Structures are given as C-alpha cells and as structure tokens.
2 protein chains.
Amino acid sequence: MKTQLKKGALELCVLAVLARGDSYAYDIVNQLSRSMEISEGTVYPLMRRLQDEAWVNTYLVESSTGPSRKYYRLTPAGETALAAMQTEWREFVSEIDSVLAAPSPTETRLPKES
Amino acid sequence: MKTQLKKGALELCVLAVLARGDSYAYDIVNQLSRSMEISEGTVYPLMRRLQDEAWVNTYLVESSTGPSRKYYRLTPAGETALAAMQTEWREFVSEIDSVLAAPSPTETRLPKES
DNA sequence: GCCACATACCTTGCATTACAAAGTACATGG
DNA sequence: CCATGTACTTTGTAATGCAAGGTATGTGGC
C-alpha cells in the first residue's frame with residue numbers, strides 16, 4: 001500500500017539528495033534506502049525524467065571499483081523545482097493532516113442532514 | 001503534480017471522513033473539498049474499492065432535495081484499516097521529512113568517494 | 001408545461017508512476 | 001573462471017487520480 005503513497009514524493013527526495021551534492025543513481029538508491037524502501041527500477045526511470053525536465057545534467061566519472069558512474073548535478077531550474085516541491089509537500093501534509101484532525105461528532109455515527 | 005502526491009492518501013481521507021459519521025459520496029467530495037482539491041471521478045471508483053475490501057457497507061436514504069443517497073458506513077474491518085493507514089501515513093511523512101532534513105555537506109557540491 | 005439548475009449517481013479512457021524481473025557490463029578475489 | 005559486488009538500463013504490470021461524459025431526481029422561474 002505504501003507504494004501508492006510514494007508517488008510523487010520520490011522525485012522530491014531525489015532532488016533533495018542531489019541538493020546535498022552530485023551523485024549517481026546507484027548511490028542515490030543506497031542513500032534513500034537508509035530512510036525508506038526504494039528500488040532501482042524506480043530510480044533509473046526517474047532520473048531520465050529529471051533529465052527530460054532539465055532539472056539535472058550529467059557527467060561520467062570512472063570508478064576504480066566497477067563501471068563508470070553517471071553523476072547527476074542539479075541545474076538552477078532543478079533547484080527552483082525542488083524549492084517549489086518542498087512547499088507543495090508541506091501544503092500537502094497540512095491538507096491531509098487537517099482532514100485527519102477534523103472534529104469528530106459527539107453523537108456517534110448519525111447521518112447528517114444538509 | 002500534486003495529483004501524484006495524492007495517490008494512496010485519498011483512501012485514508014475518505015475513511016477518516018466516514019469515521020466521523022456515515023456519509024454519501026457526493027457529500028464526502030464536498031467535505032474534502034474544504035481542505036483539498038478532489039473530483040467526483042476519483043471518489044466514486046474509490047468507494048467501490050472500499051466496498052470490495054469490505055471496509056464499508058451501504059444503505060440508501062431518500063432525500064427530499066434530490067435523488068436517493070447511497071450512504072457508506074465503516075465496518076469494523078474498515079476501522080482497523082483506517083488505524084493502520086494512519087500509522088502508515090505518519091511513518092511515511094517521517095521518512096520523507098528525514099530525507100529532506102538530512103545534513104547538507106559543508107563543502108558544496110563535491111562528488112563523494114565511496 | 002418546460003427549462004435551467006442543483007443534487008446525486010456512475011463509467012470510460014488517459015496519464016503517471018512504483019516496482020519486479022531481467023539483462024548487460026566491469027572489476028576483484030578465491 | 002566464476003561468484004560477488006558495482007553500476008547501468010529496459011520491459012511489462014498494477015494502481016489510482018482525473019477529465020469528460022452520461023443518467024436521473026427535485027425545485028423554482030417563466
């Protein structure tokens with residue numbers, strides 16, 4: 001079920017990780033794995049989308065411990081998008097919480113008349 | 001974009017509304033509209049799913065101001081599911097917030113060596 | 001009577017996105 | 001030479017939000 005909750009939030013998470021420093025997909029997955037469940041099959045297509053939106057650009061760096069890494073770097077547009085998403089995220093959480101916190105009727109379970 | 005964030009959370013919202021008292025889809029849409037954007041085309045299929053899961057059952061009530069209303073009532077299983085989802089929701093928000101709040105490197109934008 | 005409007009229901013088709021599964025390729029160590 | 005870890009990518013499936021459209025009931029104005 002949690003899968004559905006994640007939709008849209010992972011993009012924000014990936015941008016937040018990149019705001020802390022350039023990284024490559026495999027490492028992003030590992031970083032996010034410390035806080036949440038995430039799979040490679042989710043992140044690689046997501047990185048492609050971020051590129052298509054021009055929120056990141058890429059460069060290759062050779063590694064001595066395996067194949068070359070494709071690093072992603074936030075663009076100015078990406079930073080703007082990240083800021084907007086953080087605001088949206090906070091608004092979204094407030095909205096849901098306000099629904100959850102709405103007053104419960106003192107009389108239990110009576111159909112309301114409009 | 002916010003559309004994606006909503007996935008999975010609306011089910012929780014609808015159950016939370018029903019926990020405050022039986023209601024019908026058209027009214028649920030209006031109640032939720034006070035806190036968030038929501039459309040009928042989303043809610044009606046969702047109500048069907050809640051029925052399929054046996055989280056709600058229904059009864060008809062005639063209205064003097066329009067067609068009969070199909071009221072939904074939370075079942076015990078629905079209350080259990082609601083409680084579980086509320087917990088999941090809080091965990092989810094914590095996870096995302098922990099990613100957003102993770103420490104920023106003091107040195108800006110340097111590729112990390114593993 | 002008729003017509004617009006609000007109420008109330010429902011369905012179809014589209015877009016988005018998370019994920020499992022599978023595959024490719026490089027480097028190291030037994 | 002073969003298993004393991006690193007690192008990338010693609011394909012297909014499932015879930016679900018939403019616009020758009022459709023049906024039907026009741027009220028009030030003309």
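In what follows, chains carry the letters A, B, and so on, assigned in the order in which the sequence lines appear, proteins first and then strands, with residues in each chain numbered from 1. Note that this is a predicted model, so its numbers are computed, not measured.
- A:Lys6 places a side-chain N or O within donor-acceptor distance of the main-chain N or O of A:Glu37, the cut-off being under 3.5 Å.
- Separating the CZ atom of B:Arg48 from the C1' atom of C:dC10 is a distance of 8 Å, rounded to the nearest angstrom.
- The side chain of B:Tyr24 places no N or O atom within less than 4.0 Å of a non-bridging phosphate oxygen (OP1 or OP2) of C:dC9.
- Atom CD in A:Glu62 sits about 14 Å away from atom C1' in D:dA7, given to the nearest Å.
- Listed by chain and number, the residues in a side chain to side chain donor-acceptor pair (under 3.5 Å) with A:Thr42 are A:Ser39 (sequence neighbours excluded).
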Does the side chain to side chain contact (heavy atoms under 4.5 Å, CB included) test come out yes or no for A:Leu12 and A:Glu88, once each step is laid out? CA-CA 10 Å; A:Leu12 166 61; A:Glu88 255 185 15; over 6 Å; no

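- At the phosphate of C:dT7, OP1 or OP2 sits under 4.0 Å from a side-chain N or O atom of B:Tyr26.
- Distance B:Asp52 CG to D:dA15 P: 12 Å, rounded to the nearest Å.
- Rounded to whole Å, atom C1' of D:dA14 lies 16 Å from atom CG of A:Leu5.
- Across the protein-nucleic acid pair, A:Tyr59 atom OH and D:dC8 atom P stand 12 Å apart, rounded to whole Å.
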Review item, nucleotides 18-24 of chain C N/O atoms under 3.5 Å of protein N/O:
unit_1: C:dA18; atom_1: OP1; unit_2: A:Lys6; atom_2: O; d: 3.3
unit_1: C:dA18; atom_1: OP1; unit_2: A:Gly8; atom_2: N; d: 2.9
unit_1: C:dC19; atom_1: OP1; unit_2: A:Lys6; atom_2: NZ; d: 2.5
unit_1: C:dC19; atom_1: OP2; unit_2: A:Thr42; atom_2: OG1; d: 2.9

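- At distances below 3.5 Å, not a single donor-acceptor pair connects side-chain atoms of B:Ser63 with backbone N or O atoms of B:Arg69.
- Phosphate contact (OP1/OP2 of D:dT9, side-chain N/O of A:Tyr44, threshold under 4.0 Å): absent.
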Begin with the C-alpha distance, continue with both residues' side-chain angles, and end with the deciding distance and a verdict on side chain to side chain contact (heavy atoms under 4.5 Å, CB included) for A:Gln31 and A:Arg20. CA-CA 11 Å; A:Gln31 285 192 53; A:Arg20 302 203 286 275; 3.6 Å; yes

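- At distances below 3.5 Å, not a single donor-acceptor pair connects side-chain atoms of B:Ser35 with backbone N or O atoms of B:Leu32.
- When each of B:Leu18, B:Asn57, B:Thr58 is checked for a side chain to side chain contact (heavy atoms under 4.5 Å, CB included) with B:Arg73, only B:Asn57 meets the rule.
- Rounded to an integer number of Å, the gap from CZ of B:Arg69 to P of C:dA6 is 17 Å.
- At a threshold of 4.5 Å between side-chain heavy atoms, the hydrophobic network of Ile, Leu, Val, Met, Phe, Trp and Tyr places A:Tyr59 and A:Tyr44 in one connected group.
- Taking atom CE on A:Met47 and atom P on C:dT17, their separation rounds to 14 Å, with Å as the unit.
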Please enumerate all protein N or O atoms sitting under 3.5 Å from an N or O of nucleotides 25-30 of chain C, with distances to 0.1 Å.
unit_1: C:dA27; atom_1: O3'; unit_2: A:Ser64; atom_2: O; d: 3.4

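- Note on B:Leu60 and B:Tyr71: separate hydrophobic clusters, where clusters join Ile, Leu, Val, Met, Phe, Trp and Tyr whose side-chain heavy atoms are under 4.5 Å apart, directly or indirectly.
- Rounded to an integer number of Å, the gap from CD1 of A:Ile28 to P of D:dT6 is 16 Å.
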